[in-house]
Amino acid sequence: MDKGNGCSFSAVTSTAIISSVIFVITLILVRVLFVIYCSSRPMSRRAQKPVSTLIILGSGGHTAEMLDLLAVLQKDRFYPRFYIAAATDNMSLQKAELLENSLAAEKGTPITNAGKFMKIYRSREVGQSYITSIWTTLVAMVHALWLMIKIRPEVILCNGPGTCIPICAIAFVFKVLGIRWSSIFYVESIARVRRLSLSGLLLYKLRIADQLFVQWPRLQQQYPRAIYVGRLM
């Protein structure tokens, strides 16, 4: 008799645990779908209130294209601005700092009030093996988490460097958990004519980016959810 009661209790407990797990998974899926739906909608103007903006830079052409894009950005709308580049990138933040200093000089504001500049561990170096990149990716994710908690941006701008993936992934998780809503805008490089870069493809397929912009009509035809904006550079 005792053995039968024990079996019944175990069965009830197992059923309760399974039901709880299913309920939690369902809630998470509903929340993810809600985030994806809301992310596809235009960003609210909120009476033109400035929004804190995180700008992710990449070595070489990525930074050059991003700085060209920032040249036509409404500076008073996207403020304060935070710049992030890979720890091994020695040039990108210097170029961004020159841009911010020139903007401060034009406005006659103190240079100390220019943008904030930070570095992040790179997930994978060029030529690095995929096995060793597992550890470096985990380190980059932890570092990205710390930076996102510290900055808490309302807008994230990126255009291709792999550095953006950990940050955008953390931002998406924050949306799902209701911690912080950061609108992610991805501008694909003008060098990408026929297919998206790996970063762009991940953000597109996983629906992490709120809006993904391409500069060639062929790309928009191949990826219908992308927004064709013509040549920006």
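Quick note: numbers below take in every heavy atom, side chains included, and nothing from hydrogens, waters or symmetry partners. Source: prediction; values computed, not measured.
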Any side-chain heavy-atom pair of Val32 and Phe172 under 4.5 Å: yes

Side-chain heavy-atom pair Arg231, Ile190 within 4.5 angstrom cut-off: yes

Set of residues satisfying side chain to side chain contact (heavy atoms under 4.5 Å, CB included) with respect to [X], sequence neighbours excluded:
X	answer
Pro80	Ser52, Phe82
Lys205	Leu201
Ala86	Thr88, Asp89, Arg122, Thr163
Leu202	Ile165, Leu198

Could you list who else is in [X]'s hydrophobic cluster, with ILVMFWY side chains joined at under 4.5 Å, directly or through other members?
X	result
Ile18	Ile22
Val30	none
Met91	none
Trp135	Tyr121, Val139

Pairwise salt bridge (charged side-chain N to carboxylate O under 4.0 Å, His left out) hits with a residue in residues 213-226, at least two apart: none

Any pair counted as salt bridge (charged side-chain N to carboxylate O under 4.0 Å, His left out), so long as it reaches residues 158-184, sequence neighbours left out: Lys175-Asp210

Nearest-0.5 Å distance, CD1 of residue Ile156 to CD1 of residue Ile184: 5.0 Å

Qualifying residues under side-chain hydrogen bond (donor to acceptor under 3.5 Å, both in side chains), relative to Tyr186, sequence neighbours excluded: Glu188, Ser197

All pairs passing ring-ring contact (aromatic ring centres under 6.0 Å, His included) where residues 201-222 contributes a residue, at least two apart: Tyr204-Tyr223

